[in-house]
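Since the structure comes first, as structure tokens, the remarks are kept for the end.
All ligand and atom numbering here is 1-based and tracks the order in the structure.
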Amino acid sequence: MSSTTKHLTKSKDMRQPLIVGNWKMNGSLAANQDLLLAIKAGMDKATCGVAVCVPGPYLQQVQQLCEGKALLLGAQDVSAHEQGAFTGEVSAAMLRDFGVRFAIVGHSERRQYHAETDAVVATKAQRALSAGITPIVCVGETLAEREAGQTHAVVKRQLAAVIHTNGHCISEIVVAYEPVWAIGTGQTASPEQAQEVHALLRAQLSAATAQPERIALLYGGSMNPSNAASLLAQPDIDGGLIGGAALKAADFLTIVAAASH
Ligand code: PEP
């Protein structure tokens, strides 16, 4: 084992793996209950952190259903504003009222359909941190950017904005590398492709904080029961952000089990 690999492996041992479900705009009171009861029933052997990021209207329901289990509650977005005349927005303090521990910021669907810029994403991360919520900062390149050889430049730029705005708090974030071309497409980055970008992000974070080992780096993009173990075995992949497979209890639990070794 090279000294670099040894160093990375040691750091990985210090980080608890984390599996986060992103339900997107899916669910109903009845479906959520069935899904969560099944997940809770199968979580006894989980040693990794497990969270579900649910649509806003279901926060209270899911908060109650998660009670007493090591299943943490997350939101899929947070306002860049603190409070006031921002119709339709939900503040970090409001999320905190429901026991929210994580908030996804900068998901590619928000960047794409809601024109969220790097600066807005960085401010959202800041709002979450101020309320004691861990932002899960999503970065990732489109297929066109990958094919143009811009992957490294794109993810570095996206993460740099968050580092710039959040300074010494940066060790409190979680980062999710989500290649846009892999989200919801069934096309997953290979473990080598994902590891290469994760190593780059790890190096960027190491230059920004004295405590880079605190930061979990998740992979997201069609992670499923068949590919989870090989992705999670990579030295810089600490967990997963799971979309489609988070809506099926058996699939989600298989991924949780793969992260629990
Ligand atoms: C996501 O939306 O964050 C995601 C990773 O989705 P999927 O797993 O469905 O690709």
Side-chain angles (χ1 to χ4, degrees), residues 17-27 31-32 35 39 48-56 58 62 71-78 100-114 116 121 124-125 128 133-143 145-146 151 154-155 158-159 162 173-191 193-195 197-198 201 216-232 234 236-259:
L18 175 64
I19 297 296
V20 180
N22 173 16
W23 289 3
K24 311 196 190 202
M25 199 171 71
N26 293 294
N32 301 345
L35 179 59
I39 291 173
C48 62
V50 185
V52 284
C53 295
V54 308
Y58 298 130
V62 177
L71 187 54
L72 303 171
L73 181 57
Q76 297 173 15
D77 187 28
V78 61
V100 164
R101 301 282 295 277
F102 295 99
I104 298 172
V105 298
H107 191 282
S108 63
E109 288 152 14
R110 302 285 321 168
R111 293 180 190 261
Q112 193 181 344
Y113 306 138
H114 301 272
E116 290 191 6
V121 173
K124 289 186 169 200
I133 293 171
T134 301
I136 300 175
V137 177
C138 298
V139 300
E141 80 289 0
T142 63
L143 185 58
E145 288 164 340
R146 174 162 280 268
T151 299
V154 169
V155 299
Q158 291 171 333
L159 184 58
V162 177
I173 73 169
V174 167
V175 178
Y177 168 54
E178 298 210 307
V180 180
W181 49 271
I183 295 179
T185 59
Q187 203 188 333
T188 318
S190 69
Q193 283 173 321
Q195 166 57 26
V197 177
H198 278 237
L201 296 171
L217 289 188
L218 314 183
Y219 168 79
S222 299
M223 192 185 266
N224 61 42
S226 316
N227 60 31
S230 57
L231 286 158
L232 294 168
Q234 298 302 309
D236 285 297
I237 300 184
D238 305 317
L241 181 55
I242 321 297
L247 298 173
K248 295 181 197 134
D251 288 1
F252 191 63
L253 286 168
T254 302
I255 297 172
V256 167

Whether Ser108 lies under 4.0 Å from ligand 1, heavy atom: no

Close side-chain approach of Ile133 to Val78, heavy-atom, < 4.5 Å: no

Contact summary for Ile255 and Ala245, nearest pair of heavy atoms: CD1-CB, 4.0 Å

From Leu247 atom CG to Leu35 atom CG, the distance as rounded to the nearest 0.5 Å: 6.5 Å

pair Glu109-Ile183: side-chain heavy atoms closer than 4.5 Å: yes

Close-contact set for ligand 1 against Ser222 heavy atoms, below 4.0 Å: 7 (P), 8 (O), 10 (O)

Distance filter under 4.0 Å to Leu241 heavy atoms, resulting ligand 1 atoms: 3 (O), 5 (C)

Closest approach of Gln193 to Trp181 (non-hydrogen atoms, all atoms of both residues): OE1-CH2, 3.8 Å

Heavy-atom check, side chain of Gln234 versus side chain of His198, under 4.5 Å: no

Atoms of ligand 1, numbered as shown, that sit under 4.0 Å from any heavy atom of Gly221: 5 (C), 10 (O)

Heteroatom distance test (Thr185, ligand 1): nitrogen or oxygen, under 3.5 angstrom: no

Close-contact set for ligand 1 against Ala182 heavy atoms, below 4.0 Å: 10 (O)

Polar contact flag for Gly243 and ligand 1 (N/O pairs, less than 3.5 Å): yes

Mode of Asn22 contact toward ligand 1 - side chain, backbone, both, neither (heavy atoms, under 4.0 Å): side chain

Closest approach of Asp236 to Leu217 (non-hydrogen atoms, all atoms of both residues): O-CB, 3.6 Å

Shortest protein contact, atom 3 (O) of ligand 1 (heavy atom only): Glu178 OE2, 2.7 Å

His107, any N or O under 3.5 Å of ligand 1 N or O: yes

Proximal ligand 1 atoms for Gly244, defined as those under 4.0 Å from one of its heavy atoms: 7 (P), 8 (O), 9 (O)

Can you give the donor-acceptor pairs under 3.5 Å from side chains of residues 219-229 to other protein atoms, not counting sequence neighbours?
unit_1	atom_1	unit_2	atom_2	d
Tyr219	OH	Ala189	N	3.1
Tyr219	OH	Gly221	O	2.8
Ser222	OG	Ala182	O	2.7
Ser222	OG	Gly186	N	2.8
Asn224	OD1	Ser226	N	2.8
Asn224	OD1	Asn227	N	2.9
Asn224	OD1	Asn227	ND2	3.4
Asn227	OD1	Asn224	N	2.8
Asn227	ND2	Thr188	OG1	3.1
Asn227	ND2	Ser222	O	3.0

Per-atom contacts, ligand 1 versus Gly184 - under 4.0 Å to a heavy atom: 7 (P), 9 (O), 10 (O)

